Amino acid sequence: LVSHRRGETGAMFFWSVPFWYFFEAYNLVIKNWYYVFGLHSDLAEGIFGWLAFASVLPACFFHAEFLKATGLWGNLRSTPLHLTPVINALLSVLGVACLVLPLVIPRYAFWLVWGALLILPDLYNLRRGFPSLLQDLVLGKPGRILRLLLSGAWAGLVWESFNYWARGKWIYTVPGLEHWKLFEMPLLG
């Protein structure tokens, strides 16, 4: 927040809102969570919802940056991914499937929605030469992906622990995962 990357941090706060509203829009169909004991004012609900959603990406990236500063997985190397045109095409199809199938068969494909904002944007970044998680795999450098996964789990654990004890909160209704929870979150989340 106080480094030379303040503009980048501000952009994360800004883009975090539509990023999370994307999932809220899909949830109108997949119905994997709902909210209880919300505020009585639509305006207050909107303001606090916007502020909460603005924190999602910065929190995850903050944890990832912290893990990077510790050197975790910084020198980790793996077998480089050979990204052939066929694999590239299959990833494109998978990305589109992640967008469409949760809307068509939500009971069985709800989980694909989480890949919708990962696969297609990352393919776009790779093709344009922008920083890309796929490019990391092509280079045999899985550290950033592992740090992002761990930081997402870390941030999620913190949020879910707060949510568990809160009166106004979200409750998950994920098919098949109702009894396997960590706080309120299905264990696979």
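When a residue number appears, it is its place in the shown sequence, counting from 1. Please read all numbers here as calculations on a predicted model, not as lab measurements.
- Counting only residues at least two apart or in different chains, salt bridge (charged side-chain N to carboxylate O under 4.0 Å, His left out) contacts with residues 27-49 are absent.
- Among residues two or more places apart in sequence or in another chain, the ring-ring contact (aromatic ring centres under 6.0 Å, His included) test is passed with Phe19 by Phe23.
- Note that CG of Leu118 is 9.0 Å distant from CG of Leu123, once rounded to the nearest 0.5 Å.
- Using cut-offs of 30° and 60° on the angle between ring planes, the pair Phe53 and Tyr21 is perpendicular.
- Residues Leu99 and Ile30 share a single hydrophobic cluster, defined by chaining ILVMFWY side chains whose heavy atoms lie under 4.5 Å apart.
- Grouping the Ile, Leu, Val, Met, Phe, Trp and Tyr side chains by contacts below 4.5 angstrom, directly or via other members, places Leu146 with Leu72.
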> What's the verdict on side-chain contact (heavy atoms from CB on, under 4.5 Å) for Ile47 and Leu43, showing C-alpha distance, side-chain angles and the deciding distance?
Replying inline: CA-CA 6 Å; Ile47 291 170; Leu43 177 61; 4.0 Å; yes
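- Considering only heavy atoms from C-beta on, Asn32 comes within 4.5 Å of Pro175 through its side chain.
- Taking OG of Ser92 as the start and CD1 of Ile87 as the end, the distance is 12.0 Å to the nearest 0.5 Å.
- Remark: Glu184 CD to Phe162 CZ distance equals 15.0 Å, nearest 0.5 Å.
- Between Ser151 and Leu67 there is a side-chain heavy-atom pair separated by less than 4.5 Å.
- Taking the six-membered ring where the residue is Trp, Trp33 and Tyr172 present perpendicular rings, their angle passing 60° and hence far from 30°.
- Partners of Phe14 under the ring-ring contact (aromatic ring centres under 6.0 Å, His included) rule, at least two apart in sequence or in another chain, do not exist in this structure.
- Summarising the geometry, atom CG belonging to Leu149 is positioned 10.5 Å from atom SG belonging to Cys60; distances are rounded to the nearest 0.5 Å.
- At least one side-chain heavy atom of Trp170 sits less than 4.5 Å from a side-chain heavy atom of Glu160.
- With contacts defined as side-chain heavy-atom distances shorter than 4.5 Å, the pair Trp159/Val56 qualifies.
- The side-chain heavy atoms of Leu148 and Phe61, taken from C-beta on, include a pair separated by under 4.5 Å.
- Heavy-atom neighbours of Tyr108 OH from other residues, nucleotides or ligands within 6.0 Å: at or below the threshold of 12.
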List the atom pairs, donor and acceptor, that lie under 3.5 Å between side-chain atoms in residues 135-143 and the rest of the protein, sequence neighbours left out.
{"from": "Asp136", "atom 1": "OD1", "to": "Arg144", "atom 2": "NH2", "distance (Å)": "3.1"}
{"from": "Asp136", "atom 1": "OD2", "to": "Arg144", "atom 2": "NE", "distance (Å)": "2.7"}
{"from": "Asp136", "atom 1": "OD2", "to": "Arg144", "atom 2": "NH2", "distance (Å)": "3.0"}

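- For the pair Val113/Phe22, a side-chain contact is recorded, criterion being any heavy-atom separation below 4.5 Å from C-beta on.
- Closest heavy-atom contact between Ala109 and Pro102: O-CG, 3.3 Å.
- Atom CZ of Arg147 is separated from atom NE2 of His63 by 15.0 Å, given to the nearest 0.5 angstrom.
- Separation of atoms SG (Cys98) and CG (Leu94) is listed at 4.5 Å; rounding is to 0.5 Å.
- Leu83 and Leu120 end up in the same hydrophobic cluster when Ile, Leu, Val, Met, Phe, Trp and Tyr side chains are linked at under 4.5 Å.
- Side-chain atoms of Arg167 never come within 3.5 Å of backbone atoms of Phe37 as a donor-acceptor pair (strictly under, hydrogens ignored).
- In the hydrophobic cluster analysis, where Ile, Leu, Val, Met, Phe, Trp and Tyr join through side-chain heavy atoms closer than 4.5 angstrom, Tyr34 is grouped apart from Tyr26.
- For residues 101-129, there are no salt bridge (charged side-chain N to carboxylate O under 4.0 Å, His left out) pairs, not counting sequence neighbours.
- Heavy-atom contacts from other residues, nucleotides or ligands closer than 6.0 Å to CH2 of Trp111 number 12 or fewer.
- Inter-residue side-chain proximity for Leu157 and Phe183 is flagged as met; some heavy-atom pair is nearer than 4.5 Å.
- For Lys68, the NZ atom is loosely surrounded, since the number of other residues' heavy atoms within 6.0 Å does not exceed 12.
- Around CH2 of Trp114, the count of heavy atoms belonging to other residues, nucleotides or ligands within 6.0 Å exceeds 12.
- The hydrophobic cluster containing Leu150 does not contain Leu182, counting ILVMFWY residues as joined when their side-chain heavy atoms lie under 4.5 angstrom apart, directly or transitively.
- Other residues sharing the hydrophobic cluster of Tyr124, ordered by chain and number and joined by side-chain separations under 4.5 Å: Phe130.
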